[in-house]
Each structure stands twice: as C-alpha cells, then as structure tokens.
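Here the structure is laid out as structure tokens; the discussion comes afterwards.
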Amino acid sequence: MSETLTARPALAGIALPGRHGTGNGAPGVTLRERTDLGVVAVMARKGQGEALRMAVASAYRATLPDTARYLAGQTVGFVGTGPGQWLAVSASLGGGALAVDLTAKLAGLASVSDQGDGRAVIRIAGPRARDVLAKGLPIDLHPSVFAPGSAATSIISLMGVTLWQVDETPAYDLVVFRSLAVSFWSWLTDSAAEYGYEVVPATN
Amino acid sequence: MRIRCPYCGERGLEEFTYRGDATVTRPETLDQTAEAAWVDYVYLRDNPAGPHREHWYHGAGCHAWLVVTRDVRTHEILGVELAGGPA
Ligand SMILES: [Zn+2]
C-alpha cells in the first residue's frame, strides 16, 4: 500500500486566522506564516568567493552581502548567515525549484542545500513588533542600529532563529527550524498577546 | 561576558562555546619521532595569569570559529578574529 504525502505548512491548524490576545482594537502586530517559499543554504567553495559573487550578480541581479544583511535581487534575496554562507529566499521559485536553479547556476562555486522543507518562515509586522521580539531576542532592534535590510542569526528562548527587517512598519521575517515551529509559535503568540495580535492566512 | 564576533557584532556568552587553547599547534606528522610534540599538543597547557588566546565557536550565530584574546584575570576581551582568517 502506498501513501501519498502532501506538502503541509508547518503551522497548519496551529496559526488560526483572526484577532487574538488583549483588546479588540487595532492589533499591535500581525503574524503570518510565509509558505511555498524557496529557502536554500548556499556556502562558498574554498577560494571561489569572488567567482560566486559574479555568478550571483549575473544570474539573479543580486548582491551577496559580506555581512549579516538581507539584499533583495530580482527573484531571489540573499541573507548573510555567516562568513561565506547565505540563505537564499524566493517567493517565485517555491518548492524545490530554487535549489535546482541555484545548483545549476552556481555549479562548482558553492555548495547548495535545500532547506525549504526544513524551515518555517513567519512574518511579524506592526507597531509593537520590536516589543514582541525584545522579550526573547538578545539583539538590539532599535532603528538606529537595525534597519530594513539588517539581518541576524541568534536565539530566542533557546531556539535558533535567523531574521531580517523587511520594511519600516516595522516588519521582520523570522526563520526557524520547522521542527521547532510550533514551540516558536507558542513563544511568539505568548509574547504578542499583551499587545493584541491578528493572524493573517498563510501566503508566500 | 560579551564577545564581539567579527561577523555578528557583540553577543552574549550564551551564544558561544569555549573550544580550548588556541596557542598550541598540531604536529605535522603521526611519526613516532613526534611523540613528545603530540604529548605537548594534547596534554600540556600553560596557565598564564593574563592575556590568553582561545578558540570560541559561535554556534548560535554565524557558526564561525573565533580566536579570542582574553585576560583570564579580568575577562577583558582584548581582540577577536576569525580563526580561518578573513572570509
Ligand atoms: Zn558570529
């Protein structure tokens, strides 16, 4: 007997759309799981850093950040996660398509591994987003030191997280290991409850 | 104690793991003649009262190995560099 496995968002049935937490006015933040994204780890091969930079520039019109930053390209954005390491993220090349594309275009220059099924991505946006994150994230998100495009890899409540600021709302994208998604969601909604939060249906 | 990672910036100790003395050099050969050098490399450590070079691993951040120069009397950090050199 065979069983057909279907892709399922990490927070399906957990992140319930609607208004939650304190009050019933405008929520302090909105939360949304970003699904069907391409998420791929890219690691420069020894001595190929410069060639990789050029290949990424010509294939994706994107710049590989030298530091912990998110730089958007035409269809793929790159987040610096460590020296010679990046997370490539794409809304248009979902599923396994991004890894296939990167593997072909960066052959010999970088090691490419698909993380799409192993990570969950959550977008938090709204006037209280900094306050929600500040309760667990040991990083200063004050606009004078962390602005749109700034990124970091750190820990929240013992769970590893990579995040970057999307815009000045402020909005942030949070990437956690999928197996921790439910625990992370529990921390996040607990932290957001006092400001009131609205869960928005998942999209990419 | 906080460590200024060259890649991530200043972070708390909870993000790092201490990985030992950074001043020792692994012998080039497994040959019998290098036995004394291996004993030195594996077992013998100086215990300076003052600045010391140590390996720290940024496991909760950028996953880089760092060489941290730390005054072991005061925990003052005098320098941090990537163990593998500039990326
Ligand atoms: Zn680091």
Side-chain angles (χ1 to χ4, degrees), chain A residues 41-53 64-70 78-87 109-111 113 115 134 136-142 144-147 149-165 174-177 180 184, chain B residues 1-30 34 38 41 51-87:
Chain A
V42 176
M43 195 181 280
R45 294 268 172 89
K46 202 167 197 164
Q48 300 294 338
E50 210 38 57
L52 174 62
R53 210 165 292 283
L64 282 180
D66 286 325
T67 55
R69 290 192 62 72
Y70 172 84
F78 290 86
V79 192
T81 52
Q85 297 170 53
W86 299 269
L87 211 54
L109 306 177
S111 299
S113 70
Q115 307 283 312
L137 185 70
I139 288 181
D140 189 359
L141 296 180
H142 190 274
S144 64
V145 289
F146 204 95
S150 295
T153 298
S154 185
I155 35 178
I156 288 179
S157 192
L158 303 176
M159 293 173 276
V161 57
T162 292
L163 77 153
W164 59 92
Q165 188 171 339
L174 313 168
V175 182
V176 296
F177 285 111
L180 299 176
F184 186 76
Chain B
M1 200 168 91
R2 293 174 70 80
I3 296 176
R4 190 174 291 280
C5 171
Y7 189 87
C8 301
E10 192 180 285
R11 298 289 179 91
L13 190 60
E14 69 276 11
E15 293 195 5
F16 300 88
T17 311
Y18 175 71
R19 299 298 294 171
D21 192 334
T23 65
V24 293
T25 310
R26 192 177 195 273
E28 299 263 337
T29 172
L30 290 169
W38 274 101
Y41 171 69
H52 192 232
R53 283 166 66 78
E54 307 167 327
H55 279 131
W56 287 79
Y57 175 62
H58 197 183
C62 63
H63 300 108
W65 284 67
L66 309 175
V67 175
V68 176
T69 306
R70 179 176 68 101
D71 190 319
V72 299
R73 296 168 303 186
T74 60
H75 297 312
E76 185 188 358
I77 305 243
L78 305 166
V80 185
E81 52 205 290
L82 295 173

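Every chain is numbered from 1 and lettered A, B, ... according to where its sequence line falls, protein lines coming before strand lines.
- Proximity to chain B (any heavy atom under 4.5 Å) is restricted, for A:I139, to the side chain, taken from C-beta onward.
- A:T153 and B:G61 make their closest contact through CG2-O, 3.4 Å (heavy atoms, listed as atom of the first residue, atom of the second, distance).
- Heavy-atom distances place the backbone of A:D66, and not its side chain, under 4.5 Å from chain B.
- No more than 12 heavy atoms of other residues, nucleotides or ligands lie within 6.0 Å of CZ in A:F177, so this atom counts as exposed by the packing criterion.
- For CG of A:L158, the number of neighbouring non-hydrogen atoms (other residues, nucleotides, ligands) closer than 6.0 Å is 12 at most.
- Atom CZ of B:R19 is surrounded by 12 or fewer heavy atoms from other residues, nucleotides or ligands within 6.0 Å.
- Taking CG from A:D140 and CD from B:E10, the interatomic distance works out to 10.5 Å, rounded to the nearest 0.5 Å.
- The shortest heavy-atom contact between B:A60 and A:I155 is CB-CG2, 4.0 Å.
- Contacts between B:E14 and chain A at a heavy-atom distance below 4.5 Å involve backbone atoms as well as side-chain atoms.
- Looking only at side-chain heavy atoms (C-beta outward), A:S154 and B:E15 come within less than 4.5 Å of each other.
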